[in-house]
Amino acid sequence: MTKKIAVLPGDGIGKEIVAEAVKLIKALQADGLDVSMEEGLVGGSAYDVTGSPLPEATLKLAREADAVLLGAVGGYKWESLDISLRPEKGLLGLRKELGLFANLRPAILYPQLADASTLKPEVVSGLNIMIVRELTGGIYFGQPRGVRTLENGERQGYNTLVYSESEIKRITEVAFDIARKRGKKVCSVDKANVLECTELWRNVVNECHKGNSDIELSHMYVDNAAMQLVRAPKQFDVMVTTNMFGDILSDCAAMLTGSIGMLPSASLNEKGQGMYEPIHGSAPDIAGKNIANPLATLLSVAMMLRYSLDEAAMADRIEKAVEKVLDQGLRTADIWSTGMKKVSTTEMGDAVVAAL
Ligand code: IPM
Ligand code: MG
């Protein structure tokens, strides 16, 4: 049966990079991939047209799809809106409404890009980390939240960090399952020395480990984890952590690979339905210039084929095609270095399609 992909370009460079992904999917359709695509509005672009960053029609489209491909949301234009109407709420709403609790963020260093990293090649060469970030709980969604005025007239902002046992358990099981197919090591990141909520996190992870004793488990405080990621990142195989810590650590891990423009992600729910997006944002400063790196989005299509569409062989083809264009010396501005050929967003997309 034809599988449905909801295509949500979003804002800023989201539109440009998703256009390249659509080009790639069309090329695969011509090669027998049985999917249909339908576009929807999300983020600031949706707000401009409908008054909501996540219109009902988009939510319906996403719910009925086998997979969602998302570009990025956000931009200067919408920064002064009330937080409930900001583009980011569109993305967070999709994650929450679809129950996409497991966010997989692989940080892989392509050997061709060893020089693009700001770290020494020997520190990062061969790097292959999978960050498993909890995505529908924690301080991002905890209640109560807001800004209130105290009796003395001073304003006070507050958010709530909250995790229930079942939320910790299900993300931990995902991390163990993934580790089993890779290096069989999980490092759980918390701040159990200060925050009760993450002390519970650590205890529940330890309890889950009893049924997964074939996996080597370690724990690390988040401040140390940030330091270790920069000091000796190759010690990590799978990292599992909370929503906010995962947000921060995945940006850090991305930079080890040379550019945040290289990192795809998958967000999965209990039914295996998934949303796929690059981990970078909408980059309003370079939007519309045809210079953004589309590779993170093209690699997100590969993850979509693998995790939601049961087309592992096609996923392999995309990943190999990306390696091939890197071998050919093609680089967008973010990963360019002397001696390489600087290409635009569309040229990079075309090259990957040609290399398929
Ligand atoms: C990410 C982004 C989002 C997040 C923003 C855009 C809401 O930074 O996907 O990492 O914080 O989760
Ligand atoms: Mg982030």
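Note that ligands are numbered from 1 as they come in the structure, with each ligand's atoms numbered from 1 the same way. Positions are given from 1, in the same order as the sequence printed here.
At least one heavy atom of R95 sits less than 4.0 Å from an atom of ligand 1. Ligand 1 lies nowhere less than 4.0 angstrom from a heavy atom belonging to K89. Using a 4.0 angstrom heavy-atom cutoff, H280 does not count as in contact with ligand 1.
Without hydrogens or angle criteria, N103 side chain to R133 main chain gives no donor-acceptor distance under 3.5 Å.
Checked against a 3.5 angstrom limit, the closest N/O atoms of E88 and ligand 1 fall outside it. Among the atoms of E277, none of the N or O lies under 3.5 angstrom from an N or O of ligand 1.
Relative to atom 8 (O) of ligand 1, the option among D251, D247, I279, I248 with the closest non-hydrogen atom is D247.
In this structure, a donor-acceptor pair under 3.5 Å is absent between the side chains of N290 and E16. S344 and T346 share a donor-acceptor pair across their side chains, judged by distance under 3.5 Å alone. Side-chain atoms of R182 and N128 form a donor-acceptor pair, as typed in the model, at a separation below 3.5 Å.
Those atoms of ligand 1 that come under 4.0 Å of a heavy atom in R133, given as number and element, are 1 (C), 4 (C), 9 (O), 10 (O), 11 (O), 12 (O).
For the pair V73/L8, no side-chain contact is recorded, criterion being any heavy-atom separation below 4.5 Å from C-beta on.
Qualifying side chain to side chain donor-acceptor pair (under 3.5 Å) partners for S259, counting only residues two or more places apart in sequence or in other chains: D334.
With a 4.0 Å cut-off on non-hydrogen atoms, M244 does not touch ligand 1 at all. When non-hydrogen atoms are compared, ligand 1 lies under 4.0 Å from the side chain of R105 (C-beta onward) but not from its backbone.
In summary, of the residues considered (V18, L24, I25), a side-chain contact (heavy atoms from CB on, under 4.5 Å) with V22 occurs for V18 alone.
Tally of protein N, O or S atoms closer to the Mg ion (ligand 2) than 2.8 Å: 1.
Ion pairing of E199 with R202 is absent here, as no side-chain N (NZ or NE/NH1/NH2) approaches a carboxylate O to less than 4.0 Å. The existence of a salt bridge linking E38 and K4 is excluded, since no basic side-chain nitrogen approaches an acidic carboxylate oxygen closer than 4.0 Å.
Protein heavy atom at the shortest distance from atom 11 (O) of ligand 1 is Y140 OH, 2.6 Å.
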Worked check of side-chain contact (heavy atoms from CB on, under 4.5 Å) between Q29 and V35:
CA-CA 7 Å; Q29 278 175 322; V35 295; 3.8 Å; yes
Could you go step by step and tell me if M227 and M220 meet the side-chain contact (heavy atoms from CB on, under 4.5 Å) rule?
CA-CA 11 Å; M227 180 175 77; M220 208 178 266; over 6 Å; no
